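Report on the structure given below.
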Amino acid sequence: MVEITGMKQVSEVVWEIPTSYKQGMVVPARIYATKKLLGGMDRGVFEQVTNVASLPGILKYAYAMADAHWGYGFPIGGVAAFDMEKGVISPGGIGFDVNCGMRLIRTNLRFAEVKPKVKELVDLLFRLVPAGVGVKGFVNVSQSQFEEIMRFGVKWCAENDYGWDDDVSHVEEGGFIKGADPSKVSTQASSRGIRQLGTLGSGNHYLEIQVVDPSRHFDPELAKNFGIVHPDQVLVMIHCGSRGFGHQIGSDYLRVFDGAMKRYGINVRDRELACAPFTSKEGGDYYGAMVCAANMAFANRQVIVHRVREAFKKVFHREAEALDLHIIYDVCHNVAKSEKHRLNGSEKELLVHRKGATRSFGPGHHDIPAPYRQLGQPVIIGGSMETGSYLLIGTAKAMEETFGSTAHGSGRTMSRTAAKKQIRGNELQRSMESRGIYVKAATMDGLAEEAGVAYKDISEVVETMSIAGISKKVVALRPIGNIKG
DNA sequence: ATGTTC
């Protein structure tokens, strides 16, 4: 295990690095991990999380979750909340893929009915949802329509025949974050994004057909609240983000922030921590543009849901409504937004950065869809395409401890290059098929990079959050079909 | 993650 001077164990799965660890730390850092996961974390995570703890206006702690790994400036699996007046906003704390996120859709189908149709379903979805680097979508919108999408995300989609009325309320923030400002988006970003609606992208993005996995976890009493009533029920999970649009916005503003830091006299330990005061012109402009990317990502996943409904309708010869293809929920992984949290006994509006981390709001929060409000917000944890995923719910403890946040997935343990060296894509595809996972991928190298062995054990990550009490298990899901970017 | 090294 990496030796970190002064790090102390706070509880079974919580570790704290004090401000004495390095000069300039404003708050301590906290890491959520079992001993096993902590031992596997690279030194970069500890350096990065303590760098984040040194940023102006950071409150309480800089967090690294159980799935944390080295990222651009901030660790992936990181959470940091900032004071609105004295704090900063940082693209490195959000990620290039703004509002990369997960969406879970239920069906009323059971495994036996879907099994013989998996290939047909996956092949059709592979045609309907363009996957891979640089792919274009099938949605044609004008610049002014694209600006409406930047402002209203899922709401625009639902009003324009790409969704159902109740889709909007089943997405984090009601399907769009307020404060989008399309005038702060470069024409270069717009021209990349306008053709990318309804596309999956590449890397670890996927569209997956899944089935409940009672051998790992199934709590029927909790699950029924989400319309999951059978131990072999089929669901669909989508993992993707804002594509080249968010990436371009991130790149644009990193350049702006380079200069802004000099003007505002901000010194950071690492150039990748580029940031600007949230109240500054540069900080506000980036926020307005970044929210446009977040809303485009919500809309992107929404158009994909529309395609999923089309595909199921075609393959099962029933209307999407009759197949109960409702969105259970949609969560952001990479975003900063204004949220109210209790701090030192009073409620305060804060700027919460989550990068490779999931919101995990506890029971009763007004932002949770009414049918689940008293349970907690659905938390969707995506594993690798071989090992499966989880549905969890947020807790009151997460509200108290982590600004209502938890982990987001399994996290890589092996570099993409190492995975490609070790694994042959076509062999992996055959092996997965023999294990009952029919996978279609844009490229075989891309498939090899996403092999299950390149990722941490998802169950260990989920167990950490469960022991910590920052989210609670509802159901485990295993893949039966996968479309890979 | 990314018109995968503007």
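All of these numbers come straight from a predicted model, not from anything done at the bench. Protein chains get the first letters and strands the later ones, always in sequence-line order, with residue 1 at the start of each.
- Atom-to-atom, CD1 of A/Ile76 to C1' of B/dT2 comes out at 13 Å; the value is rounded to the nearest Å.
- Nearest-nucleotide positions on DNA chain B place A/Phe96 closer to the 5' end than the other of A/Val133 and A/Phe96.
- Nucleotide B/dT4 holds its P atom 12 Å from the CZ atom of A/Arg243, rounded to whole Å.
- If you take NE2 of A/His247 and P of B/dT5, they are 9 Å apart, rounded to a whole angstrom.
- Atom CG in A/Leu447 sits about 21 Å away from atom P in B/dT4, given to the nearest Å.
- Per the geometry, CG belonging to A/Asp258 stands 18 Å off P belonging to B/dC6, to the nearest Å.
- In this model, the phosphate group of B/dT2 is approached by a side-chain N or O of A/Ser202 to a distance below 4.0 Å at OP1 or OP2.
- If you measure from atom CG of A/Leu254 to atom C1' of B/dT2, you get 13 Å, rounded to the nearest angstrom.
- Sorted by first and then second residue, the salt bridge (Lys or Arg N to Asp or Glu O under 4.0 Å) pairs involving residues 131-146 of chain A (not counting sequence neighbours) form an empty list.
- Rounding to whole angstrom units, CZ of residue A/Arg195 and C1' of B/dT2 are separated by 13 Å.
- No engagement by A/Arg255 is indicated, since no non-hydrogen atom pair under 4.0 Å with the nucleic acid exists.
- Checked for salt-bridge contact, A/Arg354 and A/Glu339 meet the test: a charged N lies under 4.0 Å from a carboxylate O.
- The side-chain tip of A/Arg359 points at the ring of A/Phe361 from less than 6.0 angstrom away and within 45° of straight on.
- When rounded to the nearest whole Å, the span between CD of A/Gln248 and P of B/dT2 equals 13 Å.
- Using a 4.0 Å heavy-atom cutoff across all strands shown, A/Gly95 reaches no nucleic acid atom at all.
- For A/Tyr72, the ring-ring contact (aromatic ring centres under 6.0 Å, His included) partners are A/Phe96, not counting sequence neighbours.
- At a threshold of 4.0 angstrom between heavy atoms, the contacts of A/Glu449 with the nucleic acid are absent.
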